[in-house]
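Counting starts at 1 for both ligands and their atoms, in listed order. Reckoned from all heavy atoms, side chains included, excluding hydrogens, waters and symmetry mates.
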Amino acid sequence: MKRLLFTLLTLSLVGTTFADEGMWLPSLIAGRIDDMRSKGFRLTAEDIYSVNKASMKDAVVLFNGGCTGEIVSPEGLLLTNHHCGYGAIQSHSSVEHDYLTHGFWARSRAEELPNEKLYVRILVRMEEVTDRIASGEQPEALIRAAEAEGTGYKASIEQMYYGNQQFLFVYEQFDDVRLVGAPPSSIGKFGGDTDNWIWPRHTGDFSVFRIYADRNNRPAAYSPDNVPYRPKRHFVISVKGIREGDFTMIYGFPGNTQEYILSDAVDYVVNRADPDKIAIRTGRLDLIAAAQASDPALRIHYAAKHANIANAWKKWQGEQLGLSRTRSVETKRQCERDFQLWADRHPEYAGLLSAMKAEYARMLQPYYAYEITRETLGTLPTAYSNEERSDELFERCRPTEQALFRHAFASYAAYCPEPYRIPEFLDGVAAAGSTEAYADQVFDGLWQRTDTTAIVRLDKAKKRMLNHITWLLGTTSLRNPTSKRLNELYAHYIKGLREWDTVRAFYPDANLTLRVAYGTVSGYEYADGEYHTPQTTLDGIIAKDNPEIYDYDIPQALRDLYASKDYGRWGISVDGRRTVPVCLLATNHTTGGNSGSPVLNGRGELVGINFDRTWRSTMSDIAFDPAICRNIAVDIRYVLFVIERIGGAGYLLDEMTLR
Ligand code: ARG
Ligand code: ASP
């Protein structure tokens, strides 16, 4: 009843308050601060971002170019997700020291493990340079000058609003980052792919690192002489917990969103790209899962591959469901009609939408061919390494690998539109007699290394076709080729949108630059009559625990702690039972790259580490719906509980500031 009342109250508030949509540039956060304070933030814009004094930004790091991390001690101790530190943890693991399975805890500084190629970046400053570039200054010169300002400085110029604004970002990059601790995968990856993108969630998705610097506290390549980095700022940790309705803020590096795209593009994603890419991946996952079920060694061999394929596969399904359920295409169409009525009276914008729609009509087919090619032929190995071949498992993988070839060839033939089919592929099929025969022929040559020229030839032809497509689109970017012309039109469109809609709060799409998102701890109406509360506990882990199911087989130590209820200072009382908090749900607008981001309370204290979103929330990359879009974080108290009670590494807590 209390819950229902709460939901009704929140619903009645929607419309009068701002939605929690938005990823804001820290240097411009002053423009949001009143709204933030009305929601419970107690600090100032200067506390979030300042170039003159230490601010929160000095404690946030871009972790290895794709995740976020936060500094939590005066000695450079760093928290991020387990799935972000996974590569590092794996690289130190062997059969004798299986840190992935059993976890790892450095018992002293000397035991902290260096990682080749792992780096973090801390933002020194960001500055708008639109006018300077417009008046003739060269971007490269700006970057060079900024990089000359300090040791290890890296700079880049990033486009906001499709290039309407340009910002210079200056970072300090640290290349000596050492592994300090990681929970066993049965905690750090608890729930695995089954629970991925799902709430309620019980994953202890965290790992611990430390930044090292030279004796002058400057970035340096790894050296045994390096010492722990002394940050300008570290986050204080709140152990008091957080409750539904409390303010939360996420400070991190969201990677990529497309909030302003036209209905044409959303329609393409929902009705064409997502369904076909999902179907193709379902086929691959079925083949891999069958192999895994048949052989325990293959289950491990294919674990990382399966997880990778399944992550986006599951995300797209949620995105498709969320976007169709909220009728995003129709909503956008209506918005475009309204914009057009306004544009008809503004000659500068009158023909814009039809020009954009014409460009979509021209480019969507080749773009689709591009996506299909990448999802099919683009997933095939062009060589099996000597390491793989010397593995005694190699022969046992053969039927699966061959089946994956057949599946990729068949899917390519079925989905890739006619004019973008690779001529060499068609010739190969014709000569072999069938797509399957051609797949077998190419595969056999590669597997036995009798004729690897066939796969090399196909690979070259594939690259030629992809290049041809990006040429058609007018861009050279192979990673994410949207058309160059479309990009220019979008820049103009955003300008128009901002003139037309003076009420909406605009924010630039995510582009792996530092952002602030804020909202509140909040559950949501999962289904009619089914409200999901925003906090999970150890009891939920115990309820899922099952030694027979790999994803749910928890460490014995956790079972023992549950049995003895020996939770120490981490125990909380929920409806009269003793338990430990595990994960949190909130309304912050996040995306890929926000993994590992600090979740902060109104005082700027760390209350959690962000790591995921709920399934249907993944639509927030394209359209944020405040009713269903939620981010998922691991409660910092669970992190500390695992470090202390499971890892026996309570000494790490001594260097943190707990409040
Ligand atoms: N869905 C989260 C994010 O995109 C976590 C991914 C890692 N976990 C997994 N089971 N694959 O990236
Ligand atoms: N799991 C994502 C990441 O790794 C976060 C998200 O997409 O919500 O960054």
Side-chain angles (χ1 to χ4, degrees), residues 20-21 23 60-70 79-90 100 182-183 185-199 201-207 248 250-258 281 285 288-289 292 299 302-319 322 509-515 517 519 544 549-552 583-599 608-622 624 628-634:
D20 297 316
E21 174 175 0
M23 301 171 168
V60 183
V61 310
L62 174 63
F63 186 87
N64 219 23
C67 278
T68 305
E70 52 276 1
L79 295 176
T80 187
N81 290 144
H82 186 264
H83 80 262
C84 296
Y86 201 79
I89 305 164
Q90 180 170 35
L100 276 181
S185 291
S186 52
I187 287 179
K189 226 177 152 315
F190 178 79
D193 284 332
T194 318
D195 284 7
N196 192 21
W197 302 114
I198 296 285
W199 183 262
R201 191 65 158 276
H202 301 89
T203 313
D205 197 344
F206 79 95
S207 56
T248 53
I250 296 246
Y251 209 170
F253 289 88
N256 188 7
T257 61
Q258 296 164 293
R281 283 200 182 200
L285 287 168
I288 294 171
Q292 288 182 294
R299 185 185 58 68
Y302 282 119
K305 185 166 183 158
H306 190 280
N308 267 334
I309 302 170
N311 194 40
W313 169 78
K314 207 163 172 183
K315 187 198 146 164
W316 292 329
Q317 293 176 58
E319 179 175 84
D509 273 319
N511 55 3
L512 213 63
T513 59
L514 189 59
R515 302 298 178 91
K544 284 179 182 171
I549 301 174
Y550 180 78
D551 286 346
Y552 293 134
C583 285
L584 285 172
L585 197 62
T587 61
N588 303 297
H589 191 177
T590 56
T591 187
N594 269 124
S595 274
S597 296
V599 184
I609 308 173
N610 187 69
F611 70 95
D612 209 9
R613 281 170 286 167
T614 60
W615 198 32
R616 281 175 294 164
S617 304
T618 55
M619 65 178 280
S620 67
D621 287 354
I622 289 175
F624 185 91
I628 58 169
C629 289
R630 296 289 181 273
N631 64 305
I632 301 175
V634 51

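- Ordered by chain and residue number, the residues placing a heavy atom less than 4.0 Å from ligand 1 are His83, Gly192, Asp193, Asn196, Trp197, Ala307, Asn311, Phe611, Asp612.
- Scanning for salt bridge (charged side-chain N to carboxylate O under 4.0 Å, His left out) contacts around Asp205 gives an empty result, with sequence neighbours left out.
- In the model, Thr590 has no side-chain atom that pairs as donor or acceptor with a side-chain atom of Asn588 under 3.5 Å.
- Looking only at distances, no side-chain donor or acceptor of Arg630 sits under 3.5 Å from a matching main-chain atom of Ser617.
- Within 4.0 Å of ligand 2, contacts by protein heavy atoms are made from His83, Trp197, Thr591, Gly592, Gly593, Asn594, Ser595, Phe611, Asp612, Arg613.
- One side chain, Arg515 or Thr513, offers a donor N or O that lies under 3.5 Å from an acceptor on the other.
- Although no hydrogens or angles enter the test, the distance criterion places a donor-acceptor pair under 3.5 Å between the side chain of Thr618 and the main chain of Glu319.
- Between the side chain of Thr68 and the backbone N or O of Gly593 there is at least one donor-acceptor pair closer than 3.5 Å.
- Taking the six-membered ring where the residue is Trp, His589 and Phe624 present tilted rings, their angle falling between 30° and 60°.
- Between the side chains of Asn631 and Asn610, at least one donor N or O sits under 3.5 Å from an acceptor N or O.
- Listed by chain and number, the residues in a side-chain hydrogen bond (donor to acceptor under 3.5 Å, both in side chains) with Ser186 amount to none (sequence neighbours excluded).
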